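First comes the structure, then the notes that go with it.
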Amino acid sequence: MVYIDKKAEELKDVSDTPRLDIELIICSVLKITKEELFLLKDLSKIDLIDKLIERRKTGEPIAYILKNKDFFGLEFYVNKNVLIPRPETEILCEVCIKYINSNSYTVYDIGTGSGCIAVSIAKGCPNTKIFAIDICDKALSVAKKNTKLHQCEKQIKLIRSDLFSNITPEKDSVIVANLPYIETSYKLPRSVSFEPKKALYGGIDGLFIYKKLLSQISKFQPKAIFLEISDQQADPLIRLNISSPYTIKIYKDLSGHNRIFSLTRN
């Protein structure tokens, strides 16, 4: 289709997948599949399609434009109040689900954002009770939509709290967190600059909020703690001397970078 070719050319400077972006926008607006798109001879709702493409030209992520993102084999509603779920975070879910297995641990998802981690764990561990915690009301509103979308409102309880300041966790619980861990000196790529800064930056070394979290949970020593980190942050976390009585393990992502910091105890 000439229209798609023309618009894809216009997106080349801001997207690595310009044609796919155009196709996704058209399919979303017209509520059709890609297979149906290829059979179309004429497009309707051109004005709306053009408007969304103009937004994409500014570098705005396609996930925000379509308010949708795939994660862990599920579709999630997203908007500018939450981070866009990333493939690296799927590893966090995998590690946590594998650890829980058939055990009846209570899980606390700290900094839940869109709720993608809590919902993914709920789907993988249907008998697990989950508390999804965030300091931001707007983020919790997004998480609420996703718990309803995936029919796990009864399994997941949403709580507004600054980490554990408003909640006392149950004994032998599991903590999972993807908190802000980017160093404040790091300049964000253009696409990431559209995402909420408070959900990205974690202080000078990127570990300010994680240190605060670990200080809080040292009082009740949960059964396991799983944190998403950057490649350089494993050693600084180890040097905090928080290992006793835990066993530390680092999981790498598909690029071979340190990604998940794990603390588990018998």
Side-chain angles (χ1 to χ4, degrees), residues 68-78 82-83 85-137 139-179 210 213-214 216-229 245-251 253 259-266:
N68 179 274
K69 180 64 177 177
D70 291 341
F71 178 84
F72 213 67
L74 302 168
E75 287 191 3
F76 288 89
Y77 170 84
V78 294
V82 297
L83 292 183
R86 289 167 167 77
E88 294 85 355
T89 305
E90 293 183 357
I91 302 170
L92 183 64
C93 297
E94 290 172 357
V95 170
C96 189
I97 291 171
K98 185 176 181 181
Y99 178 83
I100 294 169
N101 199 1
S102 59
N103 294 294
S104 57
Y105 299 124
T106 296
V107 174
Y108 293 85
D109 173 25
I110 312 300
T112 193
S114 66
C116 65
I117 294 173
V119 170
S120 297
I121 293 172
K123 290 296 183 180
C125 306
N127 297 319
T128 297
K129 180 170 63 176
I130 301 169
F131 291 92
I133 300 168
D134 206 289
I135 195 172
C136 176
D137 286 324
L140 287 171
S141 178
V142 174
K144 185 175 182 179
K145 285 189 177 186
N146 284 316
T147 60
K148 287 185 176 181
L149 176 66
H150 294 288
Q151 300 179 331
C152 46
E153 313 103 289
K154 293 181 180 179
Q155 190 179 352
I156 300 173
K157 182 175 181 180
L158 301 171
I159 298 176
R160 186 185 187 281
S161 180
D162 180 2
L163 305 179
F164 281 109
S165 60
N166 295 335
I167 184 172
T168 301
E170 296 179 12
K171 184 180 179 181
D172 290 337
S173 56
V174 172
I175 312 299
V176 58
N178 179 17
L179 294 169
Y210 275 138
L213 173 66
L214 291 169
Q216 289 183 359
I217 62 182
S218 65
K219 301 172 185 177
F220 59 88
Q221 294 190 338
K223 190 73 173 176
I225 306 164
F226 301 106
L227 311 176
E228 179 172 330
I229 60 172
Y246 294 98
T247 298
I248 294 177
K249 186 172 181 180
I250 311 298
Y251 295 85
D253 59 25
R259 186 59 60 186
I260 308 301
F261 185 83
S262 162
L263 291 167
T264 57
R265 65 177 174 83
N266 295 327

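Quick caveat: nothing in here was measured; it's all calculated off a predicted structure.
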message: Taking ring pair (Phe, Tyr, Trp, His ring centres under 6.0 Å) as the definition, give me every residue that meets it alongside Y99, ordered by chain and number, with sequence neighbours left out.
response: Y105, F226
- request: Can you sort out the partners of D70 under salt bridge (Lys or Arg N to Asp or Glu O under 4.0 Å), two or more places apart, ordered by chain and number?
  value: none
task: Identify the two heavy atoms, one from G111 and one from D134, that lie closest to each other, and give their separation to 0.1 Å.
output: C-OD2, 3.4 Å
- prompt: Which value, rounded to the nearest 0.5 Å, describes the distance between K249 atom NZ and I260 atom CD1?
  reply: 12.0 Å
- prompt: Can you tell if the side chain of F72 reaches within under 4.5 Å of the side chain of P85, non-hydrogen atoms only?
  reply: no
Separation between CG of L83 and NZ of K69, rounded to the nearest 0.5 Å: 12.5 Å
statement: Residue set satisfying ring pair (Phe, Tyr, Trp, His ring centres under 6.0 Å) with F131, at least two apart, ordered chain then number -> Y108
message: Before you tell me yes or no, could you show the steps for T147 and V119 under side chain to side chain contact (heavy atoms under 4.5 Å, CB included), namely the whole-Å CA-CA distance, both residues' side-chain angles and the distance that decides it to 0.1 Å?
response: CA-CA 6 Å; T147 60; V119 170; 4.2 Å; yes
- request: Scan for salt bridge (Lys or Arg N to Asp or Glu O under 4.0 Å) pairs involving residues 155-171, sequence neighbours excluded, and state none if there are none.
  value: K129-E170, D137-R160, D162-K212
query: Would you say K123 has more than 12 foreign heavy atoms packed within less than 6.0 Å of its NZ?
result: yes
message: Could you report the tightest heavy-atom contact between I130 and A118, atom names first, then the distance?
response: CD1-O, 3.4 Å
task: Examine distances only and state if a side-chain atom of Q155 and a backbone atom of C125 form a donor-acceptor pair shorter than 3.5 Å.
output: yes
query: Roughly how far, to the nearest 0.5 Å, is OG of S218 from CG of L213?
result: 10.0 Å
task: Could you pull out all residues at least two apart from Y77 that satisfy side-chain hydrogen bond (donor to acceptor under 3.5 Å, both in side chains)?
output: N79
Exercise: identify the closest heavy-atom pair between S173 and F220: OG-CE1, 4.3 Å
- line: When every non-hydrogen atom of Q221 is compared with those of P245, the smallest separation belongs to NE2-CD, 3.5 Å
- line: CG of L227 to CD1 of I175, rounded to nearest 0.5 Å, is 9.5 Å
task: Inspect the surroundings of CD in Q151 and state if more than 12 heavy atoms from other residues, nucleotides or ligands are less than 6.0 Å away.
output: no
- prompt: Would a distance-only check, ignoring hydrogens and angles, find a side-chain to backbone donor-acceptor pair under 3.5 Å from R259 to I229?
  reply: yes
- request: Show the numbers, then the answer: is there a side chain to side chain contact (heavy atoms under 4.5 Å, CB included) between T128 and V174?
  value: CA-CA 10 Å; T128 297; V174 172; over 6 Å; no
message: Please report the interatomic distance CG(L163) to CD1(I110), rounded to the nearest 0.5 Å.
response: 7.0 Å
- request: Please report the shortest heavy-atom distance between I217 and P222, naming the atom on each side.
  value: O-CD, 3.6 Å
query: So do the side chains of Y251 and S262 get within less than 4.5 Å of each other, counting heavy atoms only?
result: yes
message: Taking NZ in K223 as the centre, count heavy atoms belonging to other residues, nucleotides or ligands within less than 6.0 Å. Is the count above 12?
response: yes
message: Is there a side chain to side chain contact (heavy atoms under 4.5 Å, CB included) between F76 and V142? Walk through the geometry before answering.
response: CA-CA 9 Å; F76 288 89; V142 174; over 6 Å; no
- line: Across all chains, not counting sequence neighbours, the side-chain hydrogen bond (donor to acceptor under 3.5 Å, both in side chains) partners of T168 are none
task: Just do the side chain to side chain contact (heavy atoms under 4.5 Å, CB included) check on N166 and I133 with the steps written out, would you?
output: CA-CA 10 Å; N166 295 335; I133 300 168; over 6 Å; no
message: Between N146 (side chain only) and S114 (backbone N and O only), is there a donor and an acceptor less than 3.5 Å apart?
response: yes
query: If you take all heavy atoms of V82 and G113, which pair is closest and at what distance?
result: CG1-C, 3.7 Å
- prompt: Would you say the side chain of I121 lies within less than 4.5 Å of the side chain of D109, judging by non-hydrogen atoms?
  reply: no
statement: Interatomic distance, CG@D253 vs CG@L92, rounded to 0.5 Å, equals 12.0 Å
